[in-house]
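The block underneath contains the structure these notes are about, expressed in structure tokens.
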Amino acid sequence: MTLTATAKVEGPSGCFPRAENRCLVASNEPMNSEYRLMVVNAPETGLSAYAGQFFHLLCPATATEQPFLRRPMSIYRIDRENGQLGFLYKVTGKGTCALASLAPGDELNATGPLGVGFSIPEGTRHVAMIARGVGLATLAPLARMATVNGAKITAILSARAPEFLMSRDELEAAGAAVIEVNDVAGNSSPQDVTNRLRDIHEKTPIDFMATCGSNRLLSLTRELCSEWNIPGQVAVEAFMGCGLGMCFACVVPVRDAEGKEEMKRVCYDGPVFGVNEVTTW
Amino acid sequence: MTLTATAKVEGPSGCFPRAENRCLVASNEPMNSEYRLMVVNAPETGLSAYAGQFFHLLCPATATEQPFLRRPMSIYRIDRENGQLGFLYKVTGKGTCALASLAPGDELNATGPLGVGFSIPEGTRHVAMIARGVGLATLAPLARMATVNGAKITAILSARAPEFLMSRDELEAAGAAVIEVNDVAGNSSPQDVTNRLRDIHEKTPIDFMATCGSNRLLSLTRELCSEWNIPGQVAVEAFMGCGLGMCFACVVPVRDAEGKEEMKRVCYDGPVFGVNEVTTW
Amino acid sequence: MVDLSVTVGGVRMANPIMPASGSIAEGIADVVDLGKLGAIVLKTITPDIRQGVKPPRVVEYTDATLFSIGIPSKGPDYLLNHTVPFFARFGPPVIASISADTAEDFGNLAKYISDPRIAAIEANISCPNLRAHGRAFGMDPVAAAEVIKAMKGNTHLPVWAKLTPNVGDIAEIARAVEDAGADAVVTANAILGMAINAETMMPRLGNVVGGLTGPAVKPVILRMVNQCAEAVKIPVIGCGGISTGEDIIEYMLAGAAAVQIGTMNFVHTAAMEQSIDWVADYCTRKNIARVAELTGALQLPVDQKSEQRDAVAL
Amino acid sequence: MVDLSVTVGGVRMANPIMPASGSIAEGIADVVDLGKLGAIVLKTITPDIRQGVKPPRVVEYTDATLFSIGIPSKGPDYLLNHTVPFFARFGPPVIASISADTAEDFGNLAKYISDPRIAAIEANISCPNLRAHGRAFGMDPVAAAEVIKAMKGNTHLPVWAKLTPNVGDIAEIARAVEDAGADAVVTANAILGMAINAETMMPRLGNVVGGLTGPAVKPVILRMVNQCAEAVKIPVIGCGGISTGEDIIEYMLAGAAAVQIGTMNFVHTAAMEQSIDWVADYCTRKNIARVAELTGALQLPVDQKSEQRDAVAL
Ligand SMILES: Cc1cc2nc3c(=O)[nH]c(=O)nc-3n(C[C@H](O)[C@H](O)[C@H](O)COP(=O)(O)OP(=O)(O)OC[C@H]3O[C@@H](n4cnc5c(N)ncnc54)[C@H](O)[C@@H]3O)c2cc1C
Ligand SMILES: Cc1cc2nc3c(=O)[nH]c(=O)nc-3n(C[C@H](O)[C@H](O)[C@H](O)COP(=O)(O)OP(=O)(O)OC[C@H]3O[C@@H](n4cnc5c(N)ncnc54)[C@H](O)[C@@H]3O)c2cc1C
Ligand SMILES: Cc1cc2nc3c(=O)[nH]c(=O)nc-3n(C[C@H](O)[C@H](O)[C@H](O)COP(=O)(O)O)c2cc1C
Ligand SMILES: Cc1cc2nc3c(=O)[nH]c(=O)nc-3n(C[C@H](O)[C@H](O)[C@H](O)COP(=O)(O)O)c2cc1C
Ligand code: FES
Ligand code: FES
């Protein structure tokens with residue numbers, strides 16, 4: 001048995017587990033030159049989100065951008081006490097530029113929670129998560145999920161340069177041991193990270209791994225998982241149309257245990273898959 | 001000979017008498033519950049406008065409105081000393097709502113000056129103008145044009161109710177004698193206005209009339225002009241595509257002296273026509 | 001109380017609003033009360049199992065999308081054992097949609113899925129006809145009619161012909177399928193389009209071409225609905241570019257008996273429910289007792305009737 | 001320095017950018033330096049004098065317009081005595097555009113206006129063919145070919161065939177006009193559309209239907225340009241939905257040898273000039289010596305070539 005869908009445990013009991021949540025922006029501040037954190041006050045349904053799920057955000061029209069489709073954003077912070085959700089996003093193009101224009105008090109229409117998130121197998125003692133870039137946003141709530149389940153968590157955060165490292169505080173508050181690596185310091189190569197993980201595993205055996213945000217980190221996670229014979233999960237990204245499993249735009253090839261490939265929907269069958277299920281993305 | 005196109009006298013001498021003027025909004029304030037006055041700092045080409053001409057305004061995209069085409073607005077104020085243009089506009093739909101969102105310091109892209117405006121025949125001694133609603137915006141600069149040409153000007157301003165009357169100061173500053181009538185007071189019927197004009201004409205003969213903004217005012221102007229055998233002009237409105245005489249969307253039937261009808265472009269052949277040229281609009 | 005019910009191509013519906021094929025799946029039931037819809041139209045299935053085309057599968061425009069999915073299909077057994085039971089429990093009539101490589105295969109598939117839980121079968125004839133070098137069945141009146149005949153000969157369920165807009169004269173195709181026995185036409189599927197990335201010099205879609213859908217196509221499809229409604233006696237179901245109740249009224253005035261909403265379900269899951277309410281309010285406000293009265297109620301000024309209607313004169 | 005020049009359908013141009021027929025008139029010379037354009041395409045004229053259709057003549061969408069003008073025309077004498085001299089003085093080649101009710105009239109008009117100041121004649125075959133109940137010449141390969149043959153038999157000037165997009169298979173029409181001797185095809189005119197006002201229950205256009213133009217039509221016309229370029233050897237001129245230099249690159253990659261900009265001239269008079277600069281910068285940045293190299297340079301991943309290209313599979 002695995003512990004999945006926190007929503008099913010803590011979420012609202014109505015028949016509509018997902019909704020177009022009309023949230024109110026509480027803050028929307030830059031974290032560094034590329035990333036912003038948007039915190040919103042969300043209705044009950046929105047707050048039933050758990051790690052690895054995402055919301056499909058309606059990006060407002062601005063003088064320069066009129067995004068038509070919604071944009072998927074992982075849930076970065078779930079603060080049920082204060083009724084708030086947080087999204088950590090990189091300002092990339094049309095949609096995220098438009099999101100960046102939202103001011104406190106503005107409405108954010110957020111459909112969700114969507115997708116199948118992380119599920120930490122029962123009895124897990126030590127979770128290792130490895131995130132880079134946007135992947136951080138996706139993995140952050142996993143720390144609290146692990147802690148709640150009585151597991152220890154080690155988080156390796158990777159970035160181009162130290163100034164792009166984020167969320168140490170967020171993660172430590174959730175009980176994670178945080179290790180930061182970056183390209184400038186030269187300690188973020190797959191080999192370096194693998195060595196670090198071997199050291200950690202030596203001291204406190206890792207029995208579950210999670211990753212997101214880089215193909216190279218996925219490869220090394222997959223290798224270590226198979227070496228140590230433990231489960232591992234990855235959150236996958238894809239261009240989305242609907243976010244609700246309806247349009248089949250977001251498919252990736254997923255391999256079952258027998259190696260048979262099938263196109264699966266990142267938004268509905270994922271975004272979290274087993275590290276061995278995902279081939280390329 | 002008639003005195004037309006002030007632009008040709010005072011305008012810039014370059015080969016491009018019209019331009020996409022990049023103006024800066026100086027102010028954009030409500031005048032009453034329906035109308036706003038936008039004053040912008042305009043480049044030289046824009047300032048060559050004269051009474052009866054218009055600009056084709058690019059309306060900014062907002063969260064709720066994305067107007068695609070430009071919107072035509074008569075030039076309401078030409079302040080060459082301060083390098084400013086003024087537009088008096090009624091907030092009606094998409095485009096004008098979007099205009100209303102502009103704040104001081106924002107850019108307004110205004111193509112113009114466009115069209116053929118009023119031309120006061122040389123030797124004119126007494127101009128009578130009759131305006132209602134939006135027509136006021138179009139006729140206001142005529143007062144200064146008349147004054148500059150040494151003519152006296154009487155302006156009859158008509159409105160639904162006294163609170164919708166505007167521009168008395170603007171007109172008086174330009175040297176006009178202003179008479180206000182409105183539906184609530186019950187002195188704005190065509191009959192009442194005609195009687196007023198007859199009285200005025202009796203004292204100081206009117207030798208040119210101009211009108212805009214109401215079919216009924218056009219009819220009475222046409223009748224008085226033919227009765228007194230004086231010229232009269234009217235500024236006409238039409239839905240526009242390009243504003244530059246290129247798309248032929250803005251046509252109205254125009255009758256020549258022999259009564260032959262031809263479709264003419266309001267934006268290029270007009271918007272000002274002789275009162276006898278225009279049939280319906 | 002306004003009577004919103006309509007009977008369209010053998011199917012009685014509580015209101016004229018349904019999803020377009022391929023625009024909903026099980027996931028929508030987590031968000032929307034499907035019981036309120038006029039009908040529930042399922043995604044097209046094929047006789048075989050298909051994975052669809054290579055991603056990327058979507059390109060976005062200001063108010064349109066270009067999708068190329070390639071009709072992934074789990075086949076007829078999955079439809080009957082999973083999809084139909086899942087949707088049938090909500091109440092509204094369930095409309096299946098099928099596609100196949102040949103007219104005979106359309107017929108066989110229609111027979112195979114003829115099931116009392118299905119209220120009608122939509123024939124997606126926008127898909128490639130293997131016998132005509134991959135041109136859509138719906139581009140040719142003869143091929144389109146053959147599909148409908150093959151289906152009508154194999155099922156007692158009503159058959160709706162979903163036309164492709166990628167034709168010169170859609171009325172001709174509508175007449176052909178009417179003559180072949182179709183119970184309604186759905187006008188229309190997506191408009192064939194292409195997107196290129198100037199920087200990479202490559203197509204933006206894995207499949208190079210895709211179907212343009214969403215608000216931007218409304219003027220084109222509205223014109224086609226009007227042309228079909230003038231050409232045939234069977235009901236016309238409007239589909240393409242509809243996002244609001246106001247759009248629905250426009251389609252009905254142009255001649256549609258009912259409508260389908262597609263892409264807008266991806267952006268606003270509430271679009272269908274909200275537009276049902278809007279249509280009801282409109283009828284109340286306009287004193288229209290039965291929504292069905294709106295069908296074809298467009299007012300043409302007398303002198304407009306004779307003008308150029310079949311060609312662009314700019 | 002990038003070589004922007006192209007030779008298209010018998011006309012040498014300094015760059016591949018020109019206005020679409022009907023999108024400029026004398027007024028633009030007050031704002032834009034016409035000397036910079038690749039060519040100057042004039043509005044369509046007819047043999048007779050016409051006033052056009054009843055207003056309203058334009059409806060606006062988020063990024064498109066629906067115009068119905070009806071080709072007001074002052075006839076060929078006005079063209080030769082006023083329009084041509086006005087535009088010829090700016091330098092770029094002047095392209096006339098003609099339309100008529102029958103193929104013979106196209107031929108006669110072409111002959112009448114064959115004048116050394118005109119570099120080529122565009123045949124606007126989107127207009128109604130009186131012999132085919134008002135359906136456009138361009139909807140039928142035979143009628144389209146007849147028009148081109150009639151013109152080619154009557155003038156030594158190059159003839160460009162401006163196709164209508166309101167067809168199922170535009171490549172077929174392109175091949176027909178190529179066989180008939182056309183020197184280039186222009187792909188394409190406006191897409192037939194309709195607009196209804198739900199409140200008044202009336203059409204929004206005086207002529208009921210009109211032509212959809214502007215950015216929203218780009219994916220559809222881009223696909224048609226690609227289909228035409230694959231079908232014929234004569235140059236294809238892309239027209240429809242172009243507003244920026246980036247759009248022009250996309251059209252050239254899809255197979256266009258040159259492009260025409262229409263509706264965008266109404267919104268941004270600077271659109272053509274700015275896009276010439278953008279294209280030059282793009283070529284410099286990409287190390288492309290001659291803009292003509294871009295024509296048809298779209299990169300197709302190998303495995304994309306075999307996929308479904310002629311039908312929508314969603
Ligand atoms: C499940 C999921 C969770 C995500 N979580 C986060 C997050 O927490 N923080 C964050 O910064 N980003 C996240 N992303 C990526 C984010 O959705 C994209 O960066 C965003 O859509 C880019 O939109 P844009 O308009 O700013 O960029 P543009 O590049 O202008 O987008 C253009 C088009 O490409 C699509 N697109 C571009 N990049 C992506 C992408 N990576 N994934 C999906 N569609 C894309 C957009 O939808 C749009 O249609 C997530 C993606 C997925 C699928
Ligand atoms: C030469 C000229 C001068 C004008 N001067 C003024 C002025 O000084 N002050 C003022 O308040 N108004 C003026 N108008 C009218 C003004 O242009 C319209 O009120 C405005 O275009 C409405 O746009 P909207 O988007 O707010 O309204 P909407 O009703 O949302 O417009 C919808 C569509 O209708 C068109 N449209 C609607 N009404 C008109 C109209 N009367 N004329 C042209 N197109 C219209 C718009 O272009 C648009 O395409 C003038 C019109 C013309 C032709
Ligand atoms: C992602 C997607 C998938 C679709 N799948 C199908 C399908 O399986 N069968 C079908 O007949 N039409 C399909 N369509 C077309 C829609 O049913 C509809 O005809 C089209 O989207 C136009 O409507 P719209 O503008 O409201 O989206 C699909 C459209 C989209 C966008
Ligand atoms: C107002 C208007 C008038 C037009 N007049 C003509 C015309 O006279 N002859 C012609 O061949 N095309 C005419 N067209 C079509 C354009 O030349 C062009 O094919 C179409 O607008 C698509 O290009 P666009 O999307 O860049 O506008 C006209 C288009 C518009 C909008
Ligand atoms: S985004 Fe539509 S199915 Fe995943
Ligand atoms: S608005 Fe285009 S000609 Fe007047």
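In what follows, chains carry the letters A, B, and so on, assigned in the order in which the sequence lines appear, proteins first and then strands, with residues in each chain numbered from 1.
Proximity to chain D (any heavy atom under 4.5 Å) is shown, for C:Ile170, by neither the backbone nor the side chain. At a 4.5 Å heavy-atom cutoff, C:Ala64 makes no contact with chain D through either its backbone or its side chain. For a residue to count as touching a neighbouring chain, one of its non-hydrogen atoms must lie under 4.5 Å from one of that chain's; by this rule D:Ala216 touches chain C with backbone and side chain alike. Using a 4.5 Å cut-off between heavy atoms, D:Ile221 does not touch chain C at all. Neither the backbone nor the side chain of D:Arg57 comes within contact range of chain C, judged by heavy atoms closer than 4.5 Å. Only the side chain of D:Leu212 comes within less than 4.5 Å of a heavy atom of chain C; its backbone N, CA, C and O stay farther away. Looking at C:Ser126, the atoms closer than 4.5 Å to chain D (heavy atoms on both sides) sit in the backbone and in the side chain alike. For D:Asn189, the part lying under 4.5 angstrom from a heavy atom of chain C is the side chain only.
Ranked by heavy-atom pairs under 4.5 Å with chain C, the first of D:Ile191, D:Asp247, D:Val167 is D:Val167. Top candidate by heavy-atom pairs under 4.5 Å with chain D, chosen from C:Ile71, C:Asp169, C:Asn166, is C:Ile71. Options C:Leu314, C:Val220, C:Ile69, C:Leu222 differ in how many heavy-atom pairs under 4.5 Å they form with chain D, and the most are formed by C:Leu314. Of the listed residues (C:Lys43, C:Glu250, C:Met201), the greatest number of heavy-atom pairs within a distance under 4.5 Å of chain D belongs to C:Met201. Of the listed residues (D:Asp63, D:Ile248, D:Ile196), the greatest number of heavy-atom pairs within a distance under 4.5 Å of chain C belongs to D:Ile196. Among C:Ser99, C:Gly193, C:Pro219, C:Gly22, the residue with the largest count of heavy-atom pairs under 4.5 Å with chain D is C:Pro219.
Checked against ring-ring contact (aromatic ring centres under 6.0 Å, His included), C:Tyr251 has no partners two or more places apart in sequence or in another chain. Scanning for ring-ring contact (aromatic ring centres under 6.0 Å, His included) contacts around D:Phe67 gives D:Phe266, with sequence neighbours left out.
A donor-acceptor pair shorter than 3.5 Å can be found between the side chains of C:Asn265 and C:Ser23. For the residue pair D:Glu122 and D:Gln260, a side-chain donor N or O sits within less than 3.5 Å of a side-chain acceptor on the partner. D:Thr213 and D:Thr65 share a side-chain donor-acceptor pair at under 3.5 Å.
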**OP:** Please test C:Glu199 against D:Arg285 for salt bridge (Lys or Arg N to Asp or Glu O under 4.0 Å), starting from the C-alpha separation and ending with a verdict.
**Re:** CA-CA 10 Å; C:Glu199 291 309 319; D:Arg285 182 154 60 78; 2.9 Å; yes
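A donor-acceptor contact shorter than 3.5 Å links the side chain of C:Gln299 to the backbone of C:Ala297.
The CD1 atom of D:Ile249 sits 7.0 Å away from atom CD1 of D:Ile288, with the distance rounded to the nearest 0.5 Å.
Between C:Asp101 and C:Arg131 there is no salt bridge, since none of the side-chain N atoms of the basic residue sits less than 4.0 Å from a carboxylate O of the acidic one.
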